[in-house]
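The structure appears below as structure tokens.
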Amino acid sequence: MCQLREKEKTNRQLREKENTNFLIPVVKRKKRERELAQPHATFSTRKELKMKQESAFTIYGANQHFHLASCNFEMATTLSEAYRDNPLHLHHIIPLDFSSIRTLPDSHAWPQSEDDDDNNKDNYDNDDGPCIPIIDLMDPNAIELIGLACEQWGAFQLKNHGIPLNVMEEVEEEAKRLFNLPVNRKLKALRSGGGATGYGRARISPFFPKHMWHEGFTIMGSSCDDAKKMWPNDYARFCNTMDNYQNQMKMLAEKLTNMIFNLLGVSEEQKAWINTFPQLCEAVQLNFYPCCPEPNRAMGLAPHTDTSLLTILHQNQTNGLQIFKEGAGWVPVHPHPHTLVVHTGDILHILSNSRFRCALHRVMVNGLRQRYSMAYFYGPPMDYVLSPLVLHSLPLFRSLSVKEYIGIKAKNLGGALNLIRMLQN
Ligand SMILES: C=C1C[C@]23C[C@@]1(O)CC[C@H]2[C@@]12CCC[C@@](C)(C(=O)O1)[C@H]2[C@@H]3C(=O)O
Ligand SMILES: O=C(O)CCC(=O)C(=O)O
Ligand SMILES: [Fe+2]
């Protein structure tokens, strides 16, 4: 606590010394912030829009660390709290008991979509066609290659990432141990309606008319409370493994974010939150896709983009993940041993002013093999104000906090980015 107070003091001093925003009277500043925060703000002329955008830049862009520095550590909103305002019905939380199902129920039978031709649904593990780049982190050109992959795909596979093999093996083993529990045990850790952690369907479930062939388990911070509910006498193994995984993933996410921000030309001050903020937005999602009696008519995880800045994903050696690429359709991401998948999420798309894609992805299921994946989501703190970090042209998105964006996404899913867009790129 003392350390946090010290940090708050240092930040206040920094803010007082460096932030020219203090020269703008508070009332006037608040009024400008409110105007800019209008979700459907319309501008009668391009000139008016440009003026608004320039003033947005004065408030949020040039003085980004005002918002970082003014974030109160003790009061900072957590990711869990952001979801509390957007509760889900139990119907969208309780998964089916897949262990007792022999035929595909109508509730889980998805209509064939136009993009699902033979090449990308039925034969989703075929080897022809484009595939996302595999990048070696030890390659001297890794930064440039990552930049290209983010621009062209919004995803890449990463090898020589430095995560110890035993950490990946252990997390996979614990995920299997969890999802193989009898359903009544898993239900003890069921996510609550307004909750964010624990066992349940994917959060995106209410946006789709059919249910997914999927079970999930979400961790934010320590998983001990939820683990105790399932293993009252033997929860430590699970918690320690998850802590270890989170710590390792965080280090990798920080490294990648630094590399990407350097590539974008982001200043040291704008990068300051990466290593210093204790209230980062981070979460681990364990995903399980049981064997399915009719895999071609089911959907493991419906199409979505991740909200994060970056997502780092470990998949067991089982196909199923696909990324949508204009002109190519759904492209399979074949697992390679010791290789992680990295997705750039909505937050990086906004911060890069659309330079980097946030790839639409989905997961298909399998008739013979169970699929497990362990995703780590990384992003700036809840109070961080999102706006393009480096501007070579007008900002395409209005400024808003991470918390506000999560709220908009919780209500609009795929429409969220369009709702905050001010200009088409
Ligand atoms: C931090 C998070 C990202 C996530 C919502 C969550 O709070 C934890 C679960 C994540 C996940 C995993 C499956 C796909 C996804 C869209 C979902 O429904 O839950 C993502 C969320 C996201 O990226 O918004
Ligand atoms: O299971 C997978 O491969 C993808 C999971 C995913 O997209 C997610 O957790 O956001
Ligand atoms: Fe995802």
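Order of listing sets the numbers, starting from 1, for every ligand and every atom in it.
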Check the angle between the aromatic planes of [X] and [Y] and answer parallel, tilted or perpendicular using the 30° and 60° thresholds.
{"X": "F261", "Y": "W273", "result": "perpendicular"}
{"X": "F179", "Y": "Y372", "result": "tilted"}
{"X": "H214", "Y": "Y289", "result": "tilted"}

Closer than 4.0 Å: a protein non-hydrogen atom to atom 10 (C) of ligand 1:
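At least one protein heavy atom is under 4.0 Å away.
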State whether the side chain of N353 and the backbone N or O of L396 hold a donor-acceptor pair below 3.5 Å, judged by distance alone.
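Yes, N353 side chain to L396 backbone: donor-acceptor pair under 3.5 Å.
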Would you say E172's side chain and Q315's backbone share a donor-acceptor pair under 3.5 angstrom?
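Not at all, since once roles are kept as given, no pair shorter than 3.5 Å links the two residues.
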ang(NE2 H361, the Fe ion (ligand 3), NE2 H304) rounded to 10° is 90°
I need the contact residues for ligand 2: any residue with a non-hydrogen atom closer than 4.0 Å to the ligand, ordered by chain then number.
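If the criterion is a heavy atom under 4.0 Å, then ligand 2 touches N287, Y289, L301, H304, D306, L313, L321, H361, V363, R371, S373, A375, F377.
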Both conditions, 6.0 Å and 45 degrees, for the charged tip of R297 above the ring of W213: are they met here?
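No, a cation-pi geometry is absent between R297 and W213.
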Return the option from F377, F217, Y83 holding the heavy atom at the smallest distance from atom 5 (C) of ligand 1.
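It is Y83 whose heavy atom sits nearest to atom 5 (C) of ligand 1.
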Of P303, A283, C281, which has the heavy atom at the shortest distance from atom 1 (C) of ligand 1?
A283
With sequence neighbours excluded, residues passing salt bridge (charged side-chain N to carboxylate O under 4.0 Å, His left out) with K188
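Here no residue qualifies.
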Suppose we measure from atom 14 (C) of ligand 1 to each protein heavy atom; which comes out shortest, and what is that distance?
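So the nearest neighbour among protein heavy atoms is H304 NE2, 3.6 Å.
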Determine whether any heavy atom of E282 lies closer than 4.0 Å to an atom of ligand 1.
no
